[in-house]
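Following: one structure in C-alpha cells, then a few remarks.
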Number of protein chains: 2
Amino acid sequence: MVTLKDIAKHANVSICTVSKYLSSSMVVKKETEQRIQLAIKELGYVPNVVAKALKRMETSNIAVILPKINNLYYSEITSGISQTLGKYHYNLYIYEVDNLQLSEEEILQLMRENMIAGIIFIGLFADQTFQESINNIAGWDIPVVYANRYISNTSYPLVYPDLVQAGEIGTKHLLEKGKERLAVVHKGLREEILHSFLEGCQKAGGKHLPIVMEINDDMDLVNDFVPQLLAQKIEGLFTLNELSAVYLAKALQKADIKIPQDIAVLSLGNSVMSEISTPELTCVDLQNRELGMKSAELILSQIRKEAYEPVTVLEPFIVKRHST
Amino acid sequence: MVTLKDIAKHANVSICTVSKYLSSSMVVKKETEQRIQLAIKELGYVPNVVAKALKRMETSNIAVILPKINNLYYSEITSGISQTLGKYHYNLYIYEVDNLQLSEEEILQLMRENMIAGIIFIGLFADQTFQESINNIAGWDIPVVYANRYISNTSYPLVYPDLVQAGEIGTKHLLEKGKERLAVVHKGLREEILHSFLEGCQKAGGKHLPIVMEINDDMDLVNDFVPQLLAQKIEGLFTLNELSAVYLAKALQKADIKIPQDIAVLSLGNSVMSEISTPELTCVDLQNRELGMKSAELILSQIRKEAYEPVTVLEPFIVKRHST
DNA sequence: TTGTAAGCGTTATCAG
DNA sequence: CTGATAACGCTTACAA
C-alpha cells in the first residue's frame, strides 16, 4: 500500500507537507506541488479514509435503516437519499431491519461501533423507546432524521408528507368527480396518521364523512370486502396504501364493478405500480424521492452544525389517471 | 468516548488483556473476566471498528454497485445480498451509478479509499475495461463478484440465471398452450444475452423459430408495435423485460386483443409487477433474491480465501398465471 | 496468565 | 512555507 510517507519520501518533503497540501489547508511552492503531484501519480497513491476517520474521529458514512429495500416505497426514498449523499461524497449504508433481526439497542450499538456520521430512519420506531435508547448510550450525540414518521417530542428533525393536505386534495378530487359516498381504506395504519388523513378529508367538504375501512392480507377482497362496499353504497375509494389500491381495483373488476363509473379508486403513493395497474390509478403523489433528498440534507446540516427546521412537510399533489 | 484503555484501567489489567479477552483469543482468569465485564458495563464500552480496521488493514464493508436502487429487479437482488451479509455481520454500502456519475476508475478509487472488503457489481460494466482498470491499481487485489453479467475472461466469479433454460422452459410452456408463432421481445438487450435466450427457445422445439423484435421507450406500442404483431400473426410473446411485458399486455388489450386467447404474454422476471398486472402475467422467475444471496456468499468465500466456483448458474422456473 | 511496546495511515499542534 | 512529533483506538509480537 502506498502511503503518505512514501509520497513524502519520493517528493523529498515531510509527510505533513503532503497531508496539508492534499487537504488544501496549506499553500505550497509551485515546485513542491509539482514534486508531490508527480510522486502521487508515479506511485499510484490512494488516500486511506479509514485512517483519516480514526484520526478525525468522524466518518462520511450515513446509515439508512428501513424495513426492506425491495419495496418501491422505501427504495424510492432511499434513491433520493443516495442522490444527495453522492453529491457531497458521503457513503450510504443500508440496514434492512426485517433481515437483520436486531433490536433498536443493538442497531444503535452497530452504528456507534462503525462511527456512523448520521442515521436516517425510514418509517420505523414510532414510539418513544428509541429516543430513550439513544440517550442511554452515554454521551453519544449522533445526527438522526426520521423520514416518514409522525413523532412528537423528539429533538431530531422530521420529514414527512402533509397527510392532511393529501386527504384534502384526494377527497376534493373525488367530490369533483361526483363521488359523494367515500370510503378510506387502510391496512393497519396507526390511529394518529389515520386521524390526520381524515382531518383532510373533512376539510374538503362534502355531504358525508368518509367511512373508514380496514383490510388485511388474509381478507378475501372479492367475496368479503367488495360486498361491504356495495352494501354501504360506496362511490369512491381512497386507499392509503398503493399496493392495496391495485389489489382492490382488481377485486372490484372481478366483481364486475366498473372503475370509475361505479366506484372510483384513488391511491396514495405514485410508484410504477399505480401506473401499470388496470385501469391506471389516479393517485396522490407523496414525493418520495424529494423526501429522501430532504432527509439527506437534514443529516448533512446536523453534521455541519448548521441550523435546520425541526419539521419539514412535503406538499403532496394529485396525478390524474383513469381510475377516478 | 470509552476506550479499551479506560476499561483496562477500571479493571486493573492491561489493554492487551482486555483486547485479547474480547476477541476471545485468550482465556483469562474467572476473576479477571468478571472485572472486565463489570468495567464494560459500568463505563458503557463500545468497540471502535474503525480503529480495528486500520490496524488489521481490513474492513467488514461490502459495496454493491448498481444502476439504481428504485427498481425492483435490482432491489430484490440487493435484499438477498443484505440478508446474507447481515447474517455474517458485514455492512452493506450502496452506490447508485446513475446518481453518482462517476467513471469506473473513480468508483474503484472510492472503493479503495474506503478499504472496501469486496465489491458486487449488479448488471454493470459488461466489457473488459473494468478488469483492466482494476489491474491498473497497483497491487490491489480485491474480492469482486459479477451478479447478472455474462462476461468471459474474468478471474472473478460470475452468478447469473440460466438464460438458455429460461428460454427453453418459457418456449415450452407457450408451445404447450398451443402457441406456435412466437416473438421474443426485448429492449436493447446485448447480442450475446439474446443469443443464449434464443438457443433455449430453439431447444424447446416447435415448428418455427421465434421472431426477435426490439422495442424502445419512444415507441408507440398500440399504434406501431401491435400492428406488427398482427401482421406477423404472432400467437405468443416472450418479453425479456418484466416492465415491458406489463406495458405490452396493456397495449394489446387497448387494441382489443385478448390475452391469452389471441396472444399469450410471458414475462421474464417475477416481481410484484407481473402479479399486479391485468391479466396477471405468467413469468419465468429468475430467482433474484437467491442470486443476491449467492453473490454475497461468493464475496465472503473470497474474503476467507476459501475455494469457490467460478460460475454459478441459477435455475429459473415458471410461475403460471393468467396471461398464457 | 498477563504486560510492554510498536505500529496501522492519517491529522494536528507547535516550533522553526 | 516546512518539519518533527504526538496522538486516534486497536491488534499483536514478544517478554515476563
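- As rounded to whole Å, 18 Å separates atom C1' of dG3(D) from atom OH of Tyr21(A).
- When heavy atoms are screened at a 4.0 angstrom cut-off, Val50(B) is found touching no nucleic acid atom at all.
- Between the C1' atom of dT11(C) and the NZ atom of Lys5(A) lies a distance of 16 Å, rounded to the nearest Å.
- The distance from atom CD of Glu58(A) to atom C1' of dG9(D) is 16 Å, rounded to the nearest whole Å.
- At whole-Å resolution of the value, NZ in Lys29(A) and P in dC1(D) are 9 Å apart.
- Counting non-hydrogen atoms under 4.0 angstrom, Ser23(A) reaches nothing in the nucleic acid.
- For the OP1/OP2 pair of dG3(D) and a distance below 4.0 Å, the side-chain nitrogens and oxygens of Ser14(A) include at least one atom meeting the criterion.
- From one end of the helix from dT1(C)-dA16(D) to dG16(C)-dC1(D) to the other, with five pairs defining each end axis, the axis direction shifts by 40° (rounded to 10°).
- Nucleic acid contact for Val49(B): none, since no nucleic acid atom lies under 4.0 Å from a heavy atom of the residue.
- No side-chain N or O of Gln109(B) forms a donor-acceptor pair with one of Glu105(B) less than 3.5 Å apart.
- No hydrogens or angles considered: nothing links the side chains of Ser82(A) and Ser79(A) as a donor-acceptor pair under 3.5 Å.
- Between Met115(B) atom CE and dC8(C) atom P the separation is 13 Å, expressed in whole Å.
- Tyr146(A) and Phe121(A) have parallel rings, their planes meeting at less than 30° on a 0 to 90° scale where 60° marks the start of perpendicular.
- Nucleic acid contact class of Ser19(A) (heavy atoms, under 4.0 Å, all strands): base.
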